[in-house]
Amino acid sequence: MADWSDPRLRMQALQRFGLGPKPGQGGTVADVRERLLAEISSDGAPQPRVGFSGAAPIGRALYAFEDEERAAREAKRVAVQHGGGQPAMGQGVQVAAASPMPSQPQGSIPAPAQPAPPFPQAVYREEVVSRVQGALEAEAGFAERLVQFWSNHFCVSVAKGNFVRAMAGAFEREAIRPNIFGRFEDLLIAVESHPAMLNFLDNQLSIGPDSRAGKRRGRGLNENLAREIMELHTLGVSGGYTQADVTSLARIITGWTVVGRDGSLGFPGSFAFNAGLHEPGSRQRLGGDEQ
């Protein structure tokens, strides 16, 4: 019979279910059990403290940053074309000031101040620091461990570009953290419809061939998101689905898109359903023939 007063059991519980014991963390195995149960009964993982709270504010700031960068590049091109000097590139929208330089020894030449990073990189750095800090401060760490697991399962890559780099933290905060103790169905829908995932897997480029936009533009499906949903996120590579199933799902999720900078469908950078891109008609999700 286990000796519940053995401190090694407390350490094992925290290592297996959480992120390990914190320095100086006392208590009994019963205390650890109560802390773990308290996390499970919560509404999700705690939210990191960051300056931008959601995808919509990030989207507006990101589009403003890209507009400013585009204008700076155009000004530089015009100046070079007319034989003038090269104006300095704009710094774009910033969210953090340059760090103060440490005091220099008398008589030394001070190092030049480092400019604040571009907006997407600044947001990404803030998200990373807040995420790590939250894990370090977690009492048991079970929720943080699940966040890391599901963020790895539903991963997006910041190498995709500025949009995903700026949205990666919002993706984890909005789609994953609130749903780690809920139903997988809710987690899946939140993940697949988030602007970061839609952009990462190009669903905003997918157009139903027979939709209004498809007939006008002569463009068709992009199957990236549909394939990843089946291959990586749900059924698995040996899950029994076919290429016809991938195509059918790609048709089903046409119209799931990201609001552009004009904001015609909602807040710039947020999720929207665009009926003009959606493939009309009914579809069978699995086991149907390709149409």
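Keep in mind the model is a prediction, meaning the values are calculated, not measured.
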* Donor-acceptor pair between R8 and Q12 side chains, under 3.5 angstrom -> no
* Asked: Between the side chains of N179 and D186, is a donor N or O closer than 3.5 angstrom to an acceptor N or O?
  -> no
* To do: Give a yes-or-no answer on whether the side chains of D245 and T242 include a donor-acceptor pair shorter than 3.5 Å.
  => yes
* Asked: So does R70 have more than 12 non-hydrogen atoms from other groups sitting under 6.0 Å from CZ?
  -> yes
* When hydrophobic residues are tied together by side-chain contacts of less than 4.5 Å, even through go-betweens, does F149 share a cluster with V147? -> yes
* Are E66 and R261 within salt-bridge range, i.e. N to O under 4.0 Å? -> yes
* To do: Quick one: sort the W150 and H153 rings into parallel, tilted or perpendicular, breaks at 30° and 60°.
  => perpendicular
* Assign the ring pair F142 / F17 to parallel, tilted or perpendicular, where the plane angle (0 to 90°) is split at 30° and 60°. => perpendicular
* To do: Check side chain to side chain contact (heavy atoms under 4.5 Å, CB included) between L188 and all other residues, then give those that pass, not counting sequence neighbours.
  => F154, F184, E192, H233, T234
* **Co-membership, hydrophobic cluster, residues V158 and L225, 4.5 Å side-chain** => no
* Asked: Can you find a side-chain donor-acceptor pair between T254 and E279 that sits under 3.5 Å?
  -> no
* **Ion pair E223/R227, N-O distance below 4.0 Å** => yes
* Check the side chains of T247 and Q243 for a donor-acceptor pair under 3.5 angstrom, ignoring hydrogens and angles. => yes
* SB check E137 R49 (cutoff 4.0 Å) -> yes
* **F271 atom CZ, over 12 foreign heavy atoms within 6.0 Å** => yes
* **Qualifying residues under ring-ring contact (aromatic ring centres under 6.0 Å, His included), relative to F273, sequence neighbours excluded** => H278
